[in-house]
Every structure is written in structure tokens, then in C-alpha cells.
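What follows is a single structure, written as C-alpha cells, with notes after it.
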Amino acid sequence: AETTTKLKAVSEDATALKDTAMKLAQKGEKSLFEKQTISETDENGVTTTRKDYDYNAIVKTVKSFVENYNDTLDTVSKVDSPALQQKAGWLTANTKLYVDDLKEVGITVDENNRLSVNEETLRATDIDTLSELFEGANSFAGKTAVKANQIGNYAQYQATRAASAYNNNGGAYNSQV
């Protein structure tokens, strides 16, 4: 049961990573990197509306992405599954390909492959640089979404398999996956 619980946690974290990566990779009018209608109310209660890039939404999504990325690596590390470790290795290998681009927008990769965000640098990055890194299926976010989906699907498959496995005596069998 413990193995099943850990696998479900991996699946949940990987799904959250996939979802935020897909939000970053979204193209078209729903893209975070397209101008949005932004309404702001000042201290006098006066609301102004303008078309601009919503850096608050971008920063919030990037921070969620980083948190979900790190959570996924953490939960995978707690499961004894060579296949999941391999898939997580593919995820971190992909990230290493973008380490310089990530650093340029304020995201650093530490020696344990964990990401961290410098919000000030992220906010100061021009929209074209952010869009190039995150937007589209072939972007860093798009490729991360694919890897996260693979991790989540495999963990869910293994959790279902572990929960429904029986030994020769008809009792529940929880092998290491």
C-alpha cells in the first residue's frame, strides 16, 4: 500500500507539472505571452484598463512550474522504480539542454537538478525571450510537458498494477515496482 501511495503522489505531481508546463506552452490568444486586457484599481478606487503583458500571471505560472518540477523529482526519488528514475533522468537531461536559457530568465538549476527562480530577473526579462523559452510544443515547457506526462502515466499504471496484484495464496501482493 505504501508503494501505491508513493506512486500516486508521483502521478499527481507529474500531472501538476504537465498542466503548468502546458499553460506556459499554450499558443494563440490564451498564451501567457500575448497582450491581455489588464484592469487595475488604484488606492482611490479608480480602475484603469489597458492591453499589456500580464507579468504577474507569467511569474505566478513560472513559479508554479518550478515548484511542480521540483516536487516531481522529489516524489520520484522516493519510489524504487528504475523505469521512473529513467524517465526523471530524461526530464533533467532535457532541462540541462536549456540551462543557459533558463539562467537568462532567472531560473537556475542546482547540483541536484532542482530549479529556483529569481523573480526580479524573471520580471525584467523581455517577453520575446520568455516566449521563445516557454511557448509552443517544441519549447522547454512543451518538452517538459511531454516528459511529465510520461512520468505521470507510468506512475499511475504502476500504482494500479501494484494495487491489484495478488500472490499465489490470493492475498494482496505489493512488490517493488
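All values below were derived from every heavy atom in this structure, side-chain atoms included, with hydrogens, water molecules and symmetry-related copies excluded. Nothing here was measured: the structure is a model prediction, and the numbers come from that model.
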Requested in this report: Please answer whether the main-chain N or O of Glu12 pairs with a side-chain N or O of Gln156 as donor and acceptor at a distance below 3.5 Å.
Outcome: no
Report task. Examine Met22 and Val62 and state if one hydrophobic cluster contains both, with Ile, Leu, Val, Met, Phe, Trp and Tyr joined whenever side-chain heavy atoms are less than 4.5 Å apart. Result -> no
Query - Distance, nearest 0.5 Å, that separates CG of Asp19 from CG of Asn149 - result: 9.0 Å
Report summary line: So CG of Asn68 and CG of Asp13: to nearest 0.5 Å the spacing works out to 7.0 Å
Query raised in the report: Is there a path of hydrophobic side-chain contacts, each under 4.5 Å between heavy atoms of I, L, V, M, F, W or Y residues, that connects Val146 with Phe65?
Result: no
Requested in this report: Apply side chain to side chain donor-acceptor pair (under 3.5 Å) to Gln150 and Tyr154, showing your working.
Outcome: CA-CA 6 Å; Gln150 292 170 347; Tyr154 188 77; over 6 Å; no
Query raised in the report: In terms of heavy-atom contacts, does CG of Asn138 have more than 12 from other residues, nucleotides or ligands at under 6.0 Å?
Result: no
Query raised in the report: Taking C-beta and beyond as the side chain, do Leu32 and Tyr53 meet within less than 4.5 Å on heavy atoms?
Result: no
Report task. Mind checking the OG1-CD1 spacing from Thr49 to Ile38? Nearest 0.5 Å is all I need. Result -> 10.0 Å
Query - Minimal non-hydrogen separation, Thr75 against Thr72, with atom names - result: OG1-O, 3.2 Å
**Report entry** Short side-chain to backbone donor-acceptor contact, Ser11 and Leu7, under 3.5 Å
**Finding:** no
Query raised in the report: Can you list the steps and then say if Asn56 with Arg123 is a side chain to side chain donor-acceptor pair (under 3.5 Å)?
Result: CA-CA 8 Å; Asn56 289 335; Arg123 283 186 184 278; 2.9 Å; yes
Report task. State whether the number of non-hydrogen atoms from other residues, nucleotides or ligands found under 6.0 Å of Glu29 atom CD is greater than 12. Result -> no
Query - Non-hydrogen atoms of Ala159 and Thr4 that approach each other most closely - result: O-CG2, 3.7 Å
**Report entry** Spatial distance of atom NZ (Lys6) from atom NZ (Lys8) [nearest 0.5 Å]
**Finding:** 15.0 Å
Query raised in the report: In chain order, what residues pass the salt bridge (charged side-chain N to carboxylate O under 4.0 Å, His left out) check against Asp74, with sequence neighbours excluded?
Result: Arg114
Query raised in the report: Closest approach of Ser139 and Ala25, non-hydrogen atoms and distance?
Result: OG-CB, 4.3 Å
Requested in this report: Identify, with sequence neighbours excluded, every residue that meets ring-ring contact (aromatic ring centres under 6.0 Å, His included) alongside Tyr98.
Outcome: Phe140
Query raised in the report: Tyr69 and side-chain hydrogen bond (donor to acceptor under 3.5 Å, both in side chains): which partner among Thr95, Asn113, Thr144?
Result: Thr95
Query raised in the report: Side chains of Phe134 and Thr61: does their closest heavy-atom pair fall under 4.5 Å?
Result: no
Query raised in the report: What closest approach, in Å, do Thr121 and Glu104 show between heavy atoms, and which atom pair accounts for it?
Result: CG2-O, 3.9 Å
**Report entry** Contact check, side chains of Gln85 and Val76, non-hydrogen atoms, under 4.5 Å
**Finding:** yes
Requested in this report: Inspect the surroundings of NZ in Lys87 and state if more than 12 heavy atoms from other residues, nucleotides or ligands are less than 6.0 Å away.
Outcome: yes
Query raised in the report: How long is the gap from CD1 on Ile151 to OG1 on Thr15, to the nearest 0.5 Å?
Result: 10.5 Å
Requested in this report: Check whether any side-chain heavy atom of Val105 sits under 4.5 Å from a side-chain heavy atom of Leu130, and report yes or no.
Outcome: yes
Query raised in the report: With side chains defined as the heavy atoms from C-beta onward, is the minimum distance between Leu73 and Leu91 less than 4.5 Å?
Result: yes
Report task. Group every Ile, Leu, Val, Met, Phe, Trp and Tyr by side-chain heavy-atom contacts under 4.5 Å, then state whether Leu97 and Trp90 land in the same group. Result -> no
**Report entry** Reported CD-to-CG distance for the pair Glu135 and Asp128, which is rounded to 0.5 angstrom
**Finding:** 10.0 Å
